[in-house]
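Inspection log for the structure reproduced underneath, given as structure tokens.
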Amino acid sequence: LDRIPDIRRFYNREDVYGDSPIDFMTEDYPEVKTHVIAARITAENPDEGFKPTSGRIERVRFQSTPKVWGYFSVNNNGGIHEFADSQFGHVFASGPDRESARKQ
């Protein structure tokens, strides 16, 4: 992990492409100022023990905002990507704390 540039940036390393070790157990990191929560979007039947269900999705109507975004594995014909199993999307929300993110 200590060779990943974004992690090195998070730990304020000047050489973000370096390979010096980071002791994640003892080293302080900057204060976290943004929290993100995620919700999985699935095609499951609650009446059958939440087993995956098949079919076609007629419409996904979702408008992203700067604090709420999502992605979906649905093709133009309403089919779910063959590798998506019952989970075909995620929605994420951010805020200054967990509760604020949840309310987005």
Side-chain angles (χ1 to χ4, degrees):
L1 289 174
D2 51 25
R3 293 184 182 201
I4 299 173
D6 285 337
I7 290 176
R8 297 184 67 78
R9 268 187 217 91
F10 182 76
Y11 279 88
N12 294 318
R13 292 298 192 268
E14 288 185 24
D15 183 7
V16 297
Y17 297 104
D19 60 1
S20 59
I22 299 172
D23 185 347
F24 297 109
M25 298 302 291
T26 61
E27 191 161 336
D28 288 332
Y29 53 85
E31 179 184 356
V32 176
K33 297 179 182 175
T34 302
H35 294 256
V36 176
I37 62 170
R40 296 196 267 179
I41 310 302
T42 61
E44 297 173 339
N45 187 341
D47 295 331
E48 293 187 20
F50 293 94
K51 290 181 183 176
T53 187
S54 60
R56 202 177 111 230
I57 297 173
E58 292 184 26
R59 174 175 50 174
V60 174
R61 185 175 177 178
F62 180 82
Q63 182 68 44
S64 291
T65 69
K67 294 186 178 189
V68 179
W69 64 98
Y71 68 86
F72 305 91
S73 298
V74 180
N75 67 28
N76 292 338
N77 297 324
I80 296 175
H81 189 277
E82 64 183 302
F83 300 112
D85 60 41
S86 66
Q87 180 179 311
F88 66 90
H90 274 93
V91 175
F92 301 91
S94 67
D97 54 50
R98 182 178 175 83
E99 185 64 12
S100 299
R102 186 188 67 78
K103 289 181 177 180
Q104 292 291 333

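Everything numeric in this text was worked out from a predicted model, so none of it was measured.
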- Task: Might you work through the side chain to side chain contact (heavy atoms under 4.5 Å, CB included) test for Asp19 and Arg3, ending with a clear yes or no?
- Result: CA-CA 5 Å; Asp19 60 1; Arg3 293 184 182 201; 3.6 Å; yes
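By the criterion of side-chain heavy atoms lying less than 4.5 angstrom apart, applied directly or through intervening Ile, Leu, Val, Met, Phe, Trp or Tyr residues, Val68 is grouped together with Phe88 in one hydrophobic cluster. Linking Ile, Leu, Val, Met, Phe, Trp and Tyr residues whenever their side-chain heavy atoms come within less than 4.5 Å places Leu1 and Tyr29 in a single cluster. By the rule that hydrophobic residues join a cluster once side-chain heavy atoms approach within less than 4.5 Å of another member, Val91 and Ile57 end up as members of one cluster. Both Val36 and Tyr71 belong to a single network of hydrophobic side chains, linked directly or stepwise wherever heavy atoms of I, L, V, M, F, W or Y lie under 4.5 Å apart.
Residues Ser86 and Pro52 share a closest heavy-atom pair of CB-CB, 3.6 Å. The nearest pair of heavy atoms linking Asp97 to His35 is CA-CD2, 3.4 Å. When every heavy atom of Gly95 is checked against every heavy atom of Ala101, the shortest pair comes out as N-CB, 3.6 Å. The two residues Thr34 and Val32 make their nearest non-hydrogen contact at O-CG1, 3.3 Å. Contact detail for Gln104 and Ala93: the closest heavy-atom pair is CB-CB, 3.8 Å.
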Could you give the side-chain donor-acceptor pairs of residues 4-12 under 3.5 Å, partners two or more places apart or in another chain?
{"unit_1": "Asp6", "atom_1": "OD1", "unit_2": "Arg9", "atom_2": "NH1", "d": "2.6"}
{"unit_1": "Arg8", "atom_1": "NE", "unit_2": "Asp15", "atom_2": "O", "d": "2.8"}
{"unit_1": "Arg8", "atom_1": "NH1", "unit_2": "Asp2", "atom_2": "O", "d": "2.7"}
{"unit_1": "Arg8", "atom_1": "NH1", "unit_2": "Ser20", "atom_2": "O", "d": "2.9"}
{"unit_1": "Arg8", "atom_1": "NH2", "unit_2": "Asp15", "atom_2": "O", "d": "3.3"}
{"unit_1": "Arg8", "atom_1": "NH2", "unit_2": "Ser20", "atom_2": "OG", "d": "2.9"}

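Taking the six-membered ring where tryptophan is involved, the planes of Phe72 and Phe62 are perpendicular, since the angle between them exceeds 60° and thus also 30°.
Between the CD1 atom in Ile41 and the OG atom in Ser73 there is a gap of 11.5 Å [rounded to 0.5 Å].
Other residues, nucleotides and ligands contribute only 12 or fewer heavy atoms inside 6.0 Å of the CD atom of Gln63.
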